[in-house]
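Okay, structure first, notes after.
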Amino acid sequence: MCCGGKQGARALLAWCNIRYDLYKFYYTTETSAASPLVLSHPPSSVGDESGTIQSLLFNLATIEAATNKFSYENKIGKGGFGEVYKGVLLDGREIAVKKLSLSVTSLQGTVEFMNEAILVAKLQHRNLVRLLGFCLEGQEKMLIYEYIPNKSLDRFLFDPVKQRELDWSGRYKIIVSIARGILYLHEDSQLLIIHRDLKASNVLLDENMNPKISDFGMAKIFQADQTQVNTGRIVGTYGYMSPEYAMRGQFSVKSDVFNFGVLVLEIVSGKKNTDFCQTKHADDLLSYAWKNWTEQTPLELLDPTLRDSYSRNEVIRCIHIGLLCIQENPSDRPSMATISLMLNSYSVTLSLPRKPASFLHGRTPDMLKNGLHSDESATSSILWSNNEVSITEVYPR
């Protein structure tokens, strides 16, 4: 009666989880180890969310029809956790389907996957990509998102031709909006969520070039009383990871702040931190930004394509905020709430930044290389400077 005589069906109730189909959909060796989106508390009873699950659940036939059976022509991206396909539902809605790789799905049980999908689907903010639902068929696990037409920020920011489409007012709006999105995750959503992989390729742009933070594959959900977590598995993108996370496995809201600081400097300069040319006695973008700051030439960091039209005060303020975010000591970095105030009000006084952690190029340490998940090159090392020599900090005029 519960399944209506259908060929294959599933019913999720508080006291019962029943499914039948014409193929083997269960695996006795399946493990329920922690997934990339790690719950810091035991998963709740799925039955409690049975109504929500039904509204989020897509069947495989619907997704295959929408994506033309995951055709190559519909493939729009690939990351460390799977491939992404564009699709169109029967009602005309455009979707992006993230098909998780088997290496990811094998680490996660069905109950945990559904709990996490429900939690992410509840995140509602104009600067976050919206999760529409999920699909579970056999070993297949998929996440269905709203489709964002202009793809990712890095496609504009680091392309010599397309970066001209991002003028300074557009870039400043993107910086402010990303800050709002991260602030929502840290303080305004029902749960405290650490994104852990904020970077230009994980910021999507809608038809009006408004940014939406995407890819919560490595996000961490904190309990109310948690402020910091230690992990033995380092996952993230080289060039964005905070020093305390890369070297000691410690992450907190200040880890996202560090990521945000790197991203701000990339948006201002139009240069990628990991691809920065070693010129003018600077090993990376962060060192180059600090060098120009101390030499009172902060505008040297500005993308040359913006030199004809920009707000001097806004550019310098963004560089200042970026440098505050990438300070080596997490307690020195401002919170996202403070950062939002800094970006929206000139009445907020900014403290002087301390020298950021230094990137020294060489060979990647095994402790970092073995645990690194990245779509970037992992052939360079991250060695954090512990030099405690005092320096004179100069505030540019």
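When reading the values below, keep in mind they use all heavy atoms of this one structure, side chains included, and skip hydrogens, waters and symmetry mates.
- Listed by chain and number, the residues in a side chain to side chain contact (heavy atoms under 4.5 Å, CB included) with T305 are Q163, R164, R171, D303 (sequence neighbours excluded).
- Here N292 pairs with Y288, T297, E300 under the side chain to side chain contact (heavy atoms under 4.5 Å, CB included) rule; sequence neighbours left out.
- Counting heavy atoms from C-beta outward, I174 and L205 have side chains that approach closer than 4.5 Å.
- Taken to the nearest 0.5 Å, the OG atom of S351 stands 11.0 Å off from the CG atom of L323.
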Check your understanding: Between I175 and F260, does a side chain to side chain contact (heavy atoms under 4.5 Å, CB included) hold up when you go through it step by step?
Key -> CA-CA 9 Å; I175 290 172; F260 178 77; 4.0 Å; yes

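- One hydrophobic cluster, built from ILVMFWY side chains closer than 4.5 Å, holds both V257 and V348.
- Annotation: salt bridge (Lys or Arg N to Asp or Glu O under 4.0 Å) contacts of D256 (sequence neighbours excluded): none.
- When side chains are defined from C-beta on, L56 counts as touching I118, because their heavy atoms get closer than 4.5 Å.
- Side-chain atoms of E146 come within 3.5 Å of backbone N or O of R130 as a donor-acceptor pair.
- In this structure, K86 forms a cation-pi arrangement with Y147, its terminal cationic atom sitting closer than 6.0 Å to the ring centre and no more than 45° off the ring axis.
- Under a cutoff of 6.0 Å and an axis angle of 45°, R333 and F258 do not form a cation-pi pair.
- Listed by first and then second residue, the ring pair (Phe, Tyr, Trp, His ring centres under 6.0 Å) pairs involving residues 176-213 are H125-Y184, H195-F216 (not counting sequence neighbours).
- Contact record, V264 with C318: CG1-O, 3.4 Å, taken as the closest heavy-atom pair.
- L299 is connected to W293 through a chain of hydrophobic side-chain contacts under 4.5 Å among Ile, Leu, Val, Met, Phe, Trp and Tyr, so both are in one cluster.
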Enumerate donor-acceptor pairs with a distance under 3.5 Å from any side-chain N or O in residues 334-341 to protein atoms, sequence neighbours excluded.
{"from": "S335", "atom 1": "OG", "to": "T338", "atom 2": "N", "distance (Å)": "3.2"}
{"from": "S335", "atom 1": "OG", "to": "T338", "atom 2": "OG1", "distance (Å)": "3.1"}
{"from": "S340", "atom 1": "OG", "to": "M336", "atom 2": "O", "distance (Å)": "3.1"}

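- Residues passing the side chain to side chain contact (heavy atoms under 4.5 Å, CB included) test with D154 are S152, F158, A200, S201, sequence neighbours excluded.
- Smallest separation of non-hydrogen atoms from L343 and A179: CD1-CB, 3.9 Å.
- Follow the hydrophobic side-chain contacts under 4.5 Å out from L204 and you never reach V88; the two are in separate clusters.
- Partners of S269 under the side chain to side chain contact (heavy atoms under 4.5 Å, CB included) rule, at least two apart in sequence or in another chain, are K271, L285, L301.
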Check your understanding: Between R196 and Y245, is a side-chain hydrogen bond (donor to acceptor under 3.5 Å, both in side chains) present by the stated rule, with each step listed?
Key -> CA-CA 10 Å; R196 287 209 293 175; Y245 179 50; 3.1 Å; yes

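- No side-chain donor-acceptor contact under 3.5 Å links S345 to the backbone of M342.
- Looking only at distances, a side-chain donor or acceptor of D284 sits under 3.5 Å from a matching main-chain atom of L286.
- Panel note: side chain N127, backbone I178; no donor-acceptor pair is recorded below 3.5 Å.
- Note: the hydrophobic cluster containing L324 also contains V176 (ILVMFWY, side chain heavy atoms under 4.5 Å, direct or indirect links).
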Practice item. Starting from the C-alpha separation in whole Å, work towards a yes-or-no answer on side chain to side chain contact (heavy atoms under 4.5 Å, CB included) for L153 and I267. Key: CA-CA 9 Å; L153 175 60; I267 293 172; 4.0 Å; yes

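- Heavy atoms only, all atoms of each residue included: W168 and S309 are closest at CB-O, 3.8 Å.
- Residues K199 and E266 are not in side-chain contact: their nearest non-hydrogen atoms beyond the backbone lie 4.5 Å or more apart.
- Not counting sequence neighbours, the partners of E165 by the salt bridge (Lys or Arg N to Asp or Glu O under 4.0 Å) test are K162.
- Between the CD atom in Q124 and the CG atom in D188 there is a gap of 14.0 Å [rounded to 0.5 Å].
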Exercise for review: Evaluate the criterion side chain to side chain contact (heavy atoms under 4.5 Å, CB included) for residue pair K141 and L136; output intermediate values, then yes/no.
Suggested key: CA-CA 5 Å; K141 292 187 176 80; L136 285 168; 3.5 Å; yes

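- Closest of all the heavy-atom pairs between I63 and I144 is CD1-CG1, 3.7 Å.
- Residues passing the salt bridge (Lys or Arg N to Asp or Glu O under 4.0 Å) test with D91, sequence neighbours excluded: R93.
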Exercise for review: Report the C-alpha distance between K69 and N74 in whole Å, list the side-chain angles of each, state the deciding distance to 0.1 Å, and finish with yes or no for side-chain hydrogen bond (donor to acceptor under 3.5 Å, both in side chains).
Suggested key: CA-CA 9 Å; K69 293 187 175 180; N74 284 55; over 6 Å; no

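- A heavy-atom distance below 4.5 Å is found between the side chains of I319 and V315.
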Practice item. Test L191 against K122 for side chain to side chain contact (heavy atoms under 4.5 Å, CB included), laying out the working first. Key: CA-CA 10 Å; L191 299 162; K122 289 180 179 178; over 6 Å; no

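- The salt bridge (Lys or Arg N to Asp or Glu O under 4.0 Å) check on K75 picks up E83, with sequence neighbours excluded.
- With respect to D332, the salt bridge (charged side-chain N to carboxylate O under 4.0 Å, His left out) criterion is satisfied by exactly one of K254, K355, R354: R354.
- Nearest heavy-atom pair, A66 versus L89, reported as atom, atom and distance to 0.1 Å: CB-CD2, 4.1 Å.
- Sorted by first and then second residue, the ring pair (Phe, Tyr, Trp, His ring centres under 6.0 Å) pairs with a member in residues 55-78 read F70-Y85; sequence neighbours excluded.
- Closest of all the heavy-atom pairs between L302 and L306 is CD1-CD1, 3.7 Å.
- Atom NE2 of H320 sits about 10.0 Å away from atom SG of C325, to the nearest 0.5 Å.
- Looking at I326, V262, L263 one by one, the single match for side-chain contact (heavy atoms from CB on, under 4.5 Å) with N273 turns out to be V262.
- In terms of the side chain to side chain donor-acceptor pair (under 3.5 Å) criterion, N259 has no residue partners (sequence neighbours excluded).
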